Amino acid sequence: MSENLNIPITEDREVLYQAIGPQIQALLGYESDEIARMANFCAVLHTALGILWTGFYRLQGEELVLGPFQGPVACSRFSIHQGVCGAAVREDQTIIVEDVDKFPGHIACSSLSKSEIVIPWRDVSGKIKGVLDLDSEKLSDFSVVDQQYLEQLLKTV
Ligand code: SME
């Protein structure tokens with residue numbers, strides 16, 4: 001296994017996702033431990049996208065509990081009735097927030113966060129077992145391009 005990532009110098013998300021997809025598969029494919037896969041998945045995405053925060057929250061009853069992540073210290077747990085992450089669980093779908101200040105109930109773990117995407121993380125039967133949360137310091141930093149690639153990439157975790 002190579003410890004070096006090959007990440008193109010570009011802000012074109014399609015180019016970035018196409019470059020990191022095979023690297024994520026190679027890195028995670030051999031690893032049987034889920035936490036190790038989650039941790040390296042966050043590290044690759046965070047490094048490639050150059051964003052503020054990349055991490056998992058795991059569903060435990062009615063709460064979302066912090067999992068592996070990259071970036072500043074974050075809220076360690078909150079209710080599924082709160083935040084963008086909670087909304088993604090309750091609505092059973094990916095949520096893209098262009099401006100977090102305009103999302104009622106957004107949980108500001110960092111005042112630097114301006115936009116966000118939250119993707120449900122599912123088991124093989126499709127049941128939600130957590131979420132992947134990406135935060136950016138730029139407004140409107142996430143689009144359906146991120147959604148499409150991240151929903152596919154999450155299946156490798
Ligand atoms: N902003 C999220 C909370 C998690 S942190 O951003 C890392 C939310 O509103 O659900």
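Read the numbers this way: they start at 1 and go in the same order the structure lists the ligands and their atoms. These numbers come from a predicted model, not from an experiment.
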> Of T54, T156, L27, which meets side-chain contact (heavy atoms from CB on, under 4.5 Å) against F41?
Replying inline: T156
> Which of the atoms in ligand 1, numbered in the order shown and given with their element, are less than 4.0 Å from a heavy-atom of G83?
Replying inline: 8 (C), 9 (O), 10 (O)
>> Would D101 and H106 count as a side-chain contact (heavy atoms from CB on, under 4.5 Å) here? Give the steps.
In response: CA-CA 7 Å; D101 289 338; H106 168 257; 5.5 Å; no
> What class does the angle between the rings of F69 and W53 fall in, given that below 30° is parallel, 30 to 60° is tilted and above 60° is perpendicular?
Replying inline: parallel
> Which ligand 1 atoms does C85 reach within 4.0 Å, using its non-hydrogen atoms?
Replying inline: 8 (C), 10 (O)
>> Using a strict threshold of under 4.0 Å (side-chain N to carboxylate O), is an ion pair present between K114 and E137?
In response: no
> Of the protein's non-hydrogen atoms, which lies at the shortest distance from atom 2 (C) of ligand 1, and what is that distance?
Replying inline: E116 OE2, 3.1 Å
> Going by the order shown, which atoms of ligand 1 are within less than 4.0 Å of some heavy atom of W53?
Replying inline: 7 (C)
> Is it true that D141 and R13 make a salt bridge, defined as a side-chain N closer than 4.0 Å to a carboxylate O?
Replying inline: yes
> Can you tell me which residue and heavy atom of the protein come closest to atom 5 (S) of ligand 1, and the distance to 0.1 Å?
Replying inline: C109 SG, 3.1 Å
>> Whether D92 and R122 form a salt bridge (side-chain N of Lys/Arg under 4.0 Å from carboxylate O of Asp/Glu) is what I want to check.
In response: yes
>> Taking 4.0 angstrom as the limit and counting only heavy atoms of H106, give me the atoms of ligand 1 inside it, by number and element.
In response: 1 (N), 9 (O)
> Heavy-atom contact under 4.0 Å between Y57 and ligand 1?
Replying inline: yes
> Do the rings of Y149 and Y17 sit parallel, tilted or perpendicular, given the 30° and 60° boundaries?
Replying inline: parallel
> Which protein non-hydrogen atom lies closest to atom 8 (C) of ligand 1, naming both residue and atom, and how far is it?
Replying inline: V84 N, 3.3 Å
>> Suppose we measure from atom 4 (C) of ligand 1 to each protein heavy atom; which comes out shortest, and what is that distance?
In response: D133 OD2, 3.3 Å
> Looking only at N/O atoms, are D135 and ligand 1 under 3.5 Å apart anywhere?
Replying inline: yes
> To which protein heavy atom is atom 3 (C) of ligand 1 closest, and what is the distance rounded to 0.1 Å?
Replying inline: I107 O, 3.6 Å
>> Between K138 and E98, does any NZ, NE, NH1 or NH2 come within less than 4.0 Å of an OD or OE carboxylate oxygen?
In response: no
